[in-house]
There are 2 protein chains.
Amino acid sequence: MASQAADRPEPVATSRRSKLTPEREQEFFDAVLQQIRSCGYDAVTMEGIAASTRCSKSTLYRQWKTKPQFVAAALRSSSRVRFAGIDTGSLAEDLRRAAAAAGEGTGKDTGLLQALGHAVMEDPELKCALREALVEPEIAALREILARGVARGEVPAGHPALEYVPAQLFGMLRMRPVLEGKQADAEYLVTFVEAVVLPALGLP
Amino acid sequence: MASQAADRPEPVATSRRSKLTPEREQEFFDAVLQQIRSCGYDAVTMEGIAASTRCSKSTLYRQWKTKPQFVAAALRSSSRVRFAGIDTGSLAEDLRRAAAAAGEGTGKDTGLLQALGHAVMEDPELKCALREALVEPEIAALREILARGVARGEVPAGHPALEYVPAQLFGMLRMRPVLEGKQADAEYLVTFVEAVVLPALGLP
DNA sequence: GTGTACCGATACGGTCGAGTACCGGTACAC
DNA sequence: GTGTACCGGTACTCGACCGTATCGGTACAC
């Protein structure tokens, strides 16, 4: 599982305010995000997290002041931009890749977005963390892809369908489970891109 | 406030197991749905509903066994298909009307869908009520509109973009608040339909 | 070896909400 | 007038969970 890097002998640098290794912290984060995905934000309890990670509530409250702050930290730590690095030189192909990439992680980010839905309205820090960790990086990467396509002249600048592309991709990801009860997997999303997004942009 | 219809003299038919008038019941339903929209499912309390409608908790629990059952009843009662009755004879125009209609009610059904997000995962009755009341009727009406367009020959049967139309519309409705922080109003949705949905279907 | 600082466990206080029980008041049937 | 059945109000039980406090154990520094 863990590589040799896990038990490094060196004292890292000077000292650590916490004896928790970053790997251990990540266990907490994974656990809380997993539980949020499966049970919703309100149903997740600090006691539950402590139990499932075999740490104590004290440890959680020592590191993070409150439950929302803990969750916010977990969100920030799991930031992983899925659309980064897609650049095939063709907008159509880039969009297919992006759709496939979005489909791969289905049930992770999507589930979080769903589960945190309204909890986010009450705690501004949570809201901010969610946007920074999950929403904005992906949107920015996607707009980057589109901008390159425009720069290459594949689509005229200001094409009316352009601004809707990110919302559409996320929308499909989000709505299919609701409407059809199935996850929006890579195949489904790629087909969607080819059937709708590319034609709307005037691409082959 | 209340019209004369409220204190009807007739005994309605035979007898009523409850002395609550249907109007009174609807007040409860409106109150609980409103509170769910603004605070989320978990934050809504039976005490709060009782207070805001000036009835007593006893009354609520006499009529409905539990909180989820109460909410489910409220959902069922508020079923109002927004896309029903749209039939202009032109698919493009029907879709514009549907988009506008969807935009009108923004913050009602959409908010509920958002707020109930994960609460629905735990109570099957709630889940069922939500689907029956909000999801399926709208989808069915929308598919009806599309089917008429196909029957008129405006779009070839089996056009790949057809099956995505409902999800697209709902997806936009749902994602714009997340991505842009603004409600998806009628204007936005109509523009979306014209920029993406119609071109993808090969309509003018 | 000694001190320090953190971890895990557990127990506790405080709050809040679901659901129940009981009571007085009242509208309606006969 | 009397009975019945329901409403509104309040007080209550019970459980859950947040966040705090306390204590013993242990890894590491020096």
Side-chain angles (χ1 to χ4, degrees), chain A residues 6-29 31-32 35-36 39-74 118-119 122-123 125-126, chain B residues 2 6-28 31-32 35-36 39-74 118-119 122-123 125-126:
Chain A
D7 40 336
R8 57 183 65 147
E10 279 111 327
V12 182
T14 57
S15 70
R16 215 176 31 243
R17 76 211 177 293
S18 161
K19 283 182 184 170
L20 297 177
T21 65
E23 290 81 5
R24 184 74 170 127
E25 270 197 0
Q26 196 58 48
E27 278 180 47
F28 299 154
F29 293 157
V32 70
Q35 287 204 18
I36 287 177
C39 314
Y41 176 83
D42 291 289
V44 168
T45 70
M46 296 298 258
E47 255 138 348
I49 301 299
S52 74
T53 57
R54 268 200 272 278
C55 78
S56 88
K57 247 190 340 171
S58 320
T59 303
L60 298 180
Y61 280 106
R62 262 191 291 264
Q63 301 291 327
W64 303 278
K65 295 301 175 193
T66 67
K67 172 177 163 180
Q69 285 183 29
F70 174 47
V71 174
H118 245 73
E122 284 157 30
D123 190 290
E125 174 161 7
L126 246 184
Chain B
D7 40 334
R8 57 183 65 147
E10 280 114 324
V12 182
T14 58
S15 70
R16 213 173 36 242
R17 76 210 177 293
S18 160
K19 283 181 184 170
L20 296 177
T21 65
E23 291 80 5
R24 184 73 170 128
E25 271 198 0
Q26 195 59 47
E27 277 179 48
F28 300 154
V32 69
Q35 286 202 19
I36 287 177
C39 314
Y41 177 84
D42 292 288
V44 168
T45 70
M46 297 297 259
E47 255 139 347
I49 300 299
S52 73
T53 57
R54 267 200 273 280
C55 78
S56 89
K57 246 193 336 172
S58 320
T59 302
L60 298 180
Y61 280 106
R62 262 190 292 263
Q63 301 292 326
W64 303 278
K65 295 301 175 192
T66 66
K67 172 177 164 182
Q69 285 183 30
F70 174 46
V71 174
H118 246 75
E122 284 158 30
D123 190 290
E125 174 161 7
L126 246 184

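Quick caveat, the model's predicted, so the values are computed rather than measured. Note on naming: letters A, B, ... go to the chains in the order of the sequence lines (proteins, then strands), and numbering restarts at 1 for each one.
Residue A:Leu60 contributes atom CG, which lies 14 Å from atom C1' of D:dT20 at whole-angstrom precision. Atoms CH2 (A:Trp64) and P (D:dG19) sit 14 Å apart, rounded to a whole Å. Rounding to whole angstrom units, CZ of residue A:Phe70 and C1' of D:dC17 are separated by 15 Å. The distance from atom OH of A:Tyr61 to atom P of C:dC12 is 18 Å, rounded to the nearest whole Å.
For the pair B:Thr66/B:Tyr61, no side-chain contact is recorded, criterion being any heavy-atom separation below 4.5 Å from C-beta on. Between A:Glu125 and A:Pro68 there is no side-chain heavy-atom pair separated by less than 4.5 Å.
Between A:Phe70 and A:Trp64, the two ring planes are tilted [angle within 30° to 60°].
From A:Tyr41, atom OH reaches atom CG of A:Leu126 across 5.0 Å, with rounding to the nearest 0.5 Å. Atom CD of A:Glu27 is separated from atom CZ of A:Arg54 by 10.0 Å, given to the nearest 0.5 angstrom.
Considering every non-hydrogen atom in both A:Met46 and A:Leu60, the closest pair reads O-CD1, 3.7 Å.
Applying the 4.0 Å criterion to OP1 and OP2 of C:dC7, one finds that A:Arg62 has a side-chain N or O inside that range. When the side-chain nitrogen and oxygen atoms of A:Gln63 are compared with OP1 and OP2 of C:dC7, one or more of them lie within a distance under 4.0 Å. Listed pair B:Thr59 / D:dC7 fails the phosphate criterion, with no side-chain N or O lying under 4.0 Å from OP1 or OP2.
Checking D:dG8, D:dG9, D:dG19 against the side-chain heavy atoms of A:Lys67 singles out D:dG19 as nearest.
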Side chain to side chain contact (heavy atoms under 4.5 Å, CB included) between B:Ile36 and B:Val32, worked out: CA-CA 6 Å; B:Ile36 287 177; B:Val32 69; 4.2 Å; yes

What do the steps show when you test A:Arg24 against A:Cys55 for side chain to side chain contact (heavy atoms under 4.5 Å, CB included), and what is the final call? CA-CA 10 Å; A:Arg24 184 74 170 127; A:Cys55 78; 3.5 Å; yes

Would you write out the dot-bracket form of DNA chain C, 5' to 3', with Watson-Crick and G-U pairs under 3.5 Å, [ ] for crossing pairs, | for pairs to other strands and . for unpaired bases? ||||||||||||||||||||||||||||||

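Using a 4.0 Å heavy-atom distance criterion, B:Lys57 is classed as a base contact.
Legend: salt bridge (charged side-chain N to carboxylate O under 4.0 Å, His left out) pairs involving residues 39-50 of chain B, not counting sequence neighbours, sorted by first then second residue: B:Glu47-B:Lys57.
Judged by distance alone, with hydrogens and angles left aside, B:Thr66 brings no side-chain donor or acceptor close enough to the base of C:dA18 to form a pair under 3.5 Å.
The stretch residues 41-49 of chain B touches DNA chain C through B:Val44, B:Thr45, B:Met46, B:Glu47, each having a heavy atom under 4.0 angstrom from the strand.
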